[in-house]
Structure formats: structure tokens, C-alpha cells
Amino acid sequence: MRRLPHGPARRAARAAEAAIPDFFFQEPILRDPDFELYDNVGRDADQIAAARYGIATDNDLLRWAKRDAEDFLARHPLPEQDLPSPDLTPYLGALAAAETPAQASAVTQHLLDAAHPLLHAISDYLVAAARWRDQNRTAEPGSPPKMLMTAASHSLSVLALAYQADLAILRAEYDPAPAPPSPQQGPKAPGLPPSPPSTPPAGPAPGR
């Protein structure tokens, strides 16, 4: 142990020590017996923030919740395996072989149709989580129930955004915006909508 100097130097050291607030010497209050203290050496941003503010990291919270839910999960077992992942090989292969916007759109639309049931099921679960124990009834903007409802909406927005992007590609191909009129011609009266492009017949033309 380091010894304090004698005489005036010792009195000065004691005076400096007395000037330090008492809370500096207090041990941090641990909210959980499994709480881990972190410093800035070799730690990620989450752990550095935990050390600075004396709070739990995200991993701390998840670890505690997993520990406290063990008995519950024993009574209500959930599947251990991940949700089945779709095999995108046929879609990626067809997309790589596509040469026209119509062909690429056919692949995209087929995938969106196939993915809709899974994303819709995830959205339904997130809505149920937001409504758990009616917590959504008095929820404020930015609260967890509102965040879950937003996540449910965004899970379906993935389909809607991809669908709109695909339509924009098709519109640029089949119904491009008309060129602006020249100053001499002036604007033209609106006409009928364009007819859909005709598909050339496949195979040899029929004889007469």
C-alpha cells in the first residue's frame, strides 16, 4: 500500500483527498447480480456507454431476459431451428438470364408473390406483440408498442416499395413520359391513353 508523506506534504494530501466528493469513492450500485462493468479497453461502443453511464448493455438485457424466461420456455417450447429460408437460386438464375425489363419484372413479381405470406405473417406477429396486454391503448409516440406497430407496417412496406420500383421500370419501358413540346408547337390537347404494345407472334407467319 502506498504511504502518505509526513509533515506538511501529508496534511496537503489529506486536504486534497477531503476535497474529492464522497460519491467518487462509492461502489456503483449493481441493478442485477449478473451485471458486468466495462471499461474502454477492447470494448465496443455499447460497452463503453455502459461504463460511462452505469447502465446495462443490450447483451446484458438479453442475457437476463433469457435467464428469467427459462422456466417459461420449458412450459412453452418454441422451435429451435430458424424459419425456413427460401431457395433463391431459381430466381437469381432467371434474373441473370433476363434480357428485357419484362423478363426481369416477371422474376421480381413472382418472388414478391412468393414472399408475401411470410412477410405478412411476420407483420401479424409484430402487431400482436404491440397489443400484448393492451399496452398499445395508452402508448405514446416513440414508445415500444408504437415502434412495434411501425415495424409491422415496414415489413409489408418492403413488398410495396419493391412493387412500385418494378412498375416504374415497366412504365419507363412501355409508357415513357412524352417529350416536352417545342415553343413553336405549344402544348397539345390530351389524347386517349396509349394502347398496350402488341406482342409479336411466335413461330412462322401463317400462309395465305
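Between atom OG of residue Ser105 and atom CG of residue Leu95 there is a gap of 11.0 Å, rounded to the nearest 0.5 Å. Here the straight-line distance linking atom CG of Asp71 with atom NE2 of His76 works out to 11.0 Å at 0.5 Å rounding. To the nearest 0.5 Å, atoms CE (Met147) and OG1 (Thr150) are separated by 8.0 Å. With rounding to the nearest 0.5 angstrom, the CG atom of Asp68 is 11.0 Å from the CG atom of Leu73. Within the model, atoms CZ of Arg131 and CG of Leu148 stand 12.0 Å from one another, a figure rounded to the nearest 0.5 Å.
Evaluated for a side-chain contact (heavy atoms from CB on, under 4.5 Å) with Thr57, the options Ile55, Leu61, Asn59 yield exactly one hit, Asn59.
Although no hydrogens or angles enter the test, the distance criterion places no donor-acceptor pair under 3.5 Å between the side chain of Ser123 and the main chain of Leu119. No donor-acceptor pair closer than 3.5 Å links the side chain of Gln109 to the backbone N or O of Tyr163. Side-chain atoms of Thr108 come within 3.5 Å of backbone N or O of Ala104 as a donor-acceptor pair.
Within the 4.5 Å cutoff, the side chain of Leu126 has no heavy atoms near those of the Met149 side chain. Contact annotation: the side chain of Leu88 approaches that of Leu111 to within less than 4.5 Å [non-hydrogen atoms, C-beta and beyond].
Scanning all heavy atoms of the two residues, the minimum distance from Ala152 to Ser155 falls at O-OG, 2.6 Å. For the pair Ala130 and Asn136, the tightest heavy-atom approach, listed with the atom from each and the gap, is O-CB, 3.4 Å. Taking all atoms of both residues into account, the shortest heavy-atom contact from Lys146 to Glu140 is CG-O, 3.2 Å. Pro101 and Ile169 get closest at one heavy-atom pair: CB-CG2, 4.0 Å.
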**OP:** Could you go through the side-chain hydrogen bond (donor to acceptor under 3.5 Å, both in side chains) check for Asp87 and Thr89 one step at a time?
**Re:** CA-CA 6 Å; Asp87 182 10; Thr89 302; 2.8 Å; yes
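Put simply, Trp132 and Tyr125 are part of two different groups of oily side chains (I, L, V, M, F, W, Y) that touch within less than 4.5 Å, one to the next. Residues Leu78 and Phe72 are members of one and the same hydrophobic cluster, defined by side-chain heavy-atom contacts under 4.5 angstrom among Ile, Leu, Val, Met, Phe, Trp and Tyr.
Dense packing is recorded around CG of Asp113, with more than 12 heavy atoms of other residues, nucleotides or ligands lying under 6.0 Å away.
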